[in-house]
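These values consider heavy atoms only, across backbone and side chains, with no hydrogens, waters or symmetry-generated copies.
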Amino acid sequence: MLERINDLSPGVIGLRAVGKVSKEDYEQVLEPILDDARREGRRIRFLYQFGPEFEGFTASGAWEDARVGLGAMRQFDGCAIVSDISWIRESTRFFGAMMPCPMRVFGDGELARAVDWLQSLPEHHGVTHRLLPESGVIVVEVSRPLRAEDFDALALTADAWIESHGTLAGVVIHARRFPGWEGFGGLVRHIRFIRDHHRHVARIAVAAESELAKLAPHIAGHFVAADVQRFAFDELDQAIAWAAGGAPAAAS
């Protein structure tokens, strides 16, 4: 089974594996945590402890661990594995180099050190997003250059909604000014996100104060299927209402 580790530092989510871990444990404990973070656009600093009470995975549990883990890593700012079990430690070191987030192994008596390490990881608050489930609108707040990881996290939220509802009512981009991309990878991932999702989004609202924002509806019309409308930076509420299917906004 999986148990929540309580009283950890703010921003750190911890689970402890006890006895046999099954597919149902992941479905009932971990997946709701990931779903909540995805809906709210939050990233996770994750601690996973395999102590002496851990007896292994069931066959379906091992598969679920791999499946959920590979998908969840894109939501993590970091992952700490706490265990003295040799095969857990060695497999973590082997696969950690291929993961999209920092990953580190600690001994079973080093839980406090693991939490400290997770807290020491750099903050990535340049781009955040939140899903408004009552309207099917994602609001994206941008204040720093865009990274590939930002689009990975946004894709997780968008894909989950599209899979269950067929389409997003709208996406609202809220940025005082366009900050550009943090490296070529961010630009490539931005283009790929648009390519993969623009036909599943009905409306895109750009609430920003920049010359680029004024041109956005005209430029986007050549590349995306969604309707695009520009709003002033302080017109976020109006932008959300329009993206949700409200009446067309007056030209700004």
Side-chain angles (χ1 to χ4, degrees), residues 1-18 21-23 25-57 61-129 147-157 159-160 182 185-186 189:
M1 63 182 293
L2 292 176
E3 298 177 344
R4 284 290 295 265
I5 303 176
N6 297 317
D7 302 321
L8 295 179
S9 299
V12 176
I13 291 175
L15 294 181
R16 179 181 293 110
V18 177
V21 177
S22 68
K23 176 182 178 182
D25 293 322
Y26 282 96
E27 293 174 341
Q28 295 169 13
V29 181
L30 179 56
E31 292 188 18
I33 294 171
L34 299 175
D35 289 343
D36 286 344
R38 192 177 299 127
R39 280 193 297 270
E40 298 169 10
R42 288 187 291 105
R43 297 188 58 81
I44 295 172
R45 296 172 185 228
F46 186 63
L47 184 149
Y48 200 176
Q49 184 175 29
F50 299 87
E53 304 88 356
F54 174 62
E55 298 175 2
F57 298 101
W63 170 255
E64 196 71 2
D65 177 75
R67 185 188 71 81
V68 174
L70 287 173
M73 286 293 174
R74 291 187 293 171
Q75 290 182 255
F76 293 171
D77 278 335
C79 179
I81 302 297
V82 179
S83 183
D84 289 337
I85 301 172
S86 59
W87 70 267
I88 293 285
R89 295 174 63 86
E90 293 306 316
S91 61
T92 300
R93 290 193 180 100
F94 178 78
F95 289 108
M98 298 178 277
M99 293 297 105
C101 72
M103 199 167 184
R104 187 168 170 181
V105 183
F106 296 85
D108 202 46
E110 297 181 308
L111 190 143
R113 281 191 60 208
V115 172
D116 289 343
W117 175 73
L118 287 170
Q119 286 191 300
S120 73
L121 295 174
E123 297 285 347
H124 293 298
H125 294 316
V127 179
T128 60
H129 70 270
R147 305 170 305 140
E149 295 94 325
D150 298 323
F151 293 101
D152 289 339
L154 182 57
L156 283 172
T157 300
D159 290 346
E182 187 178 284
R189 191 65 186 88

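- A donor-acceptor contact shorter than 3.5 Å is absent between the side chain of R4 and the backbone of R16.
- The structure places CG of L15 at 11.0 Å from CE of M1, a figure rounded to the nearest 0.5 Å.
- Scored by the side chain to side chain donor-acceptor pair (under 3.5 Å) test, S83 finds no partners at all (sequence neighbours excluded).
- Looking only at side-chain heavy atoms (C-beta outward), F54 and V18 stay at 4.5 Å or farther from each other.
- Closest of all the heavy-atom pairs between G51 and I85 is O-CD1, 4.0 Å.
- Taking both residues in full, the closest heavy atoms of I81 and C79 are given as CD1-SG, 3.9 Å, listed atom of the first, atom of the second, then distance.
- Although no hydrogens or angles enter the test, the distance criterion places no donor-acceptor pair under 3.5 Å between the side chain of R45 and the main chain of W117.
- Within the 3.5 Å criterion, the main-chain N or O of S22 finds a donor-acceptor partner in the side chain of D25.
- Listed for the D84 side chain is a donor-acceptor partner under 3.5 Å among the backbone atoms of D108.
- The two residues A114 and L47 make their nearest non-hydrogen contact at CB-CD1, 3.7 Å.
- Between A37 and I44 the shortest heavy-atom distance is CB-CD1, 3.7 Å.
- Checked against side-chain contact (heavy atoms from CB on, under 4.5 Å), E90 has the following partners two or more places apart in sequence or in another chain: R93.
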Evaluate T92 against I88 for side-chain contact (heavy atoms from CB on, under 4.5 Å), listing each step before the verdict. CA-CA 6 Å; T92 300; I88 293 285; 4.2 Å; yes

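- Pairing each heavy atom of G78 with each of L121, the nearest pair is CA-CD1, 3.6 Å.
- The two atoms that bring L118 and F46 nearest to each other are CD1-O, 3.7 Å, heavy atoms only.
- Ring geometry for Y48 versus F50: interplanar angle of 30 to 60°, hence tilted.
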Could you walk me through whether L8 and I13 pass side-chain contact (heavy atoms from CB on, under 4.5 Å), step by step? CA-CA 7 Å; L8 295 179; I13 291 175; over 6 Å; no

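- Separating the CZ atom in R89 from the CZ atom in F106 is a distance of 10.0 Å, to the nearest 0.5 Å.
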Test side-chain contact (heavy atoms from CB on, under 4.5 Å) on Q49 and L111; report intermediate values, then the result. CA-CA 8 Å; Q49 184 175 29; L111 190 143; 3.5 Å; yes

